[in-house]
Number of protein chains: 2
Amino acid sequence: MDGRFKLDNQLCFRLYTASRLITQAYHPLLSEHGLTYPQYLVLMVLWEKDAQPVNDIAKRLMLETNTVTPLLKRMEAEGILTRVKGEKDARQMIVRLTRKGHGLQTKLMNVPEAVGSAVLCESITPETVPGLFGMLDDIINQLNDKHKTN
Amino acid sequence: MDGRFKLDNQLCFRLYTASRLITQAYHPLLSEHGLTYPQYLVLMVLWEKDAQPVNDIAKRLMLETNTVTPLLKRMEAEGILTRVKGEKDARQMIVRLTRKGHGLQTKLMNVPEAVGSAVLCESITPETVPGLFGMLDDIINQLNDKHKTN
DNA sequence: TATATTTGTATCGCGAACGATATAAATAAT
DNA sequence: ATTATTTATATCGTTCGCGATACAAATATA
């Protein structure tokens, strides 16, 4: 065979593995506060802008609502946020952080730094990260556009 | 807040999203043959070297056996591979491709090329890919070493 | 040889992801 | 105003991913 099926030639496998391993690096820091990594992503979205409908959160995270809805329900059960029907549009569910949800921001203050330093290495430095971000953003936009077209 | 929690500054979120979107790009090509992306990864491992114990497959994919075992059982149920107790070590389960499993390689011949071209864009070209691979490999090795140390 | 430890795999439970589908509310078309 | 379509969210079923745990076979130790 000509190497097209060699694992070592696969971009997706690298992304998949790197994603899993960084998520694992977050795990001890987040589980300490009863959070998962996707829940932490939801928090970052709501810390940026509170009181958003489910759809806006899903779009920001590029996830489907059938992934986000159960995620939000679990966070609601933990007392991190509330979900209330929209007033001007009764189909929407507006998601708002509770005091506990806001408070987590302070408690997690050191997490980005901790994970960031764990990832630093030969080729991942403050100088090279922007280039990496650019490539990943290109991949994401490329595939996202293609998905919307089809 | 100082931007440390901004989604746009997060490496992990980009890896997580890029990984999901590429996996989605594989989906129509693989589901046509009754496969998922992780199952495709297992196939690539076994096409490279048939007749491996569960542990070797898991290590190659950097997954735990409690992820791989059910995955292999589903593939066995589909007639893609067989699992038989090792002869020299009765604890091992040796995984072997069936004729169907081997045959899938021919049927999926065009998949790498199709996904590859879907990802090609401004900053992802045959010239830039090696650099991206290097950075991702560094991240993976860095986190993998750290994990084994702790 | 008997006992302890390590190793390879599997089971269990939970939280994602996501395709397919359903439902109600809002909007557009007739 | 009725009917049709779109939109926002939710439900269901299947497959991962993984921490915790179990268990038997192999190896090391006493």
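The structure presented is a predicted model; accordingly, all values stated were derived computationally and were not measured. Proteins come first, then strands; the chains are lettered A, B, ... in the order of their sequence lines, and each starts at number 1. Note that these values count all heavy atoms, side chains included, but never hydrogens, waters or copies made by symmetry.
Closest approach of A:Y16 and B:L41 over heavy atoms only: CE2-CD1, 3.6 Å.
Residue pairs meeting the side chain to side chain donor-acceptor pair (under 3.5 Å) criterion with at least one partner in residues 78-87 of chain A, sequence neighbours excluded, are A:E76-A:R83.
Following rounding to the nearest Å, B:E78 (CD) and D:dT14 (P) show an atom-to-atom distance of 13 Å. To the nearest angstrom, P of D:dT9 lies 10 Å from CG of A:L72. Note: CE (A:M75) to C1' (C:dA16) measures 13 Å, nearest angstrom. The interatomic distance linking A:R20 (CZ) with C:dG15 (C1') rounds to 16 Å, in whole Å. For the pair B:E64 CD and C:dG13 P, the computed distance is 20 Å after rounding to whole Å. What separates CZ of B:R74 from P of C:dA10 is a distance of 13 Å, to the nearest Å. The interatomic distance linking B:K73 (NZ) with D:dT14 (P) rounds to 17 Å, in whole Å.
Remark: A:W47 CH2 to B:R4 CZ distance equals 11.0 Å, nearest 0.5 Å. Taken from CE in A:M44 to CG in A:L61, the straight-line distance is 8.5 Å, to the nearest 0.5 Å.
Of the candidates D:dC16, C:dA17, D:dT9, D:dT9 carries the atom nearest the A:V54 side chain, counting heavy atoms from C-beta on. The side chain of A:Q24 has D:dC18 as its nearest neighbour among D:dC18, C:dA16, D:dC16. Side chain of B:T65, nearest nucleotide from D:dG17, C:dT9, C:dA16: C:dT9.
Of all the residues in residues 88-98 of chain B, B:R91, B:Q92, B:M93 reach under 4.0 Å from DNA chain C with at least one non-hydrogen atom. Contacts between residues 29-42 of chain A and DNA chain C, counted as heavy-atom distances below 4.0 Å, involve A:T36, A:P38, A:Q39.
Using a 4.5 Å cut-off on side-chain heavy atoms (C-beta onward), A:V54 and A:Q92 make no contact.
The base of D:dG17 is not paired with the side chain of B:N66 by any donor and acceptor separated by under 3.5 Å.
For B:K107, the NZ atom counts as loosely surrounded, since its 6.0 Å shell holds 12 or fewer non-hydrogen atoms of other residues, nucleotides or ligands.
Of the possible polar contacts, none joining the A:T65 side chain to the A:V68 backbone as a donor-acceptor pair under 3.5 Å is found. Looking only at distances, no side-chain donor or acceptor of A:Y37 sits under 3.5 Å from a matching main-chain atom of A:Q24. Side-chain atoms of B:Y26 never come within 3.5 Å of backbone atoms of B:P112 as a donor-acceptor pair (strictly under, hydrogens ignored).
Residue contacts shown for A:P53 are limited to sugar-phosphate atoms, with no base heavy atom under 4.0 Å away.
Each of B:K59 and B:T67 has a nearest nucleotide on DNA chain C; the 5'-most of these lies closest to B:K59.
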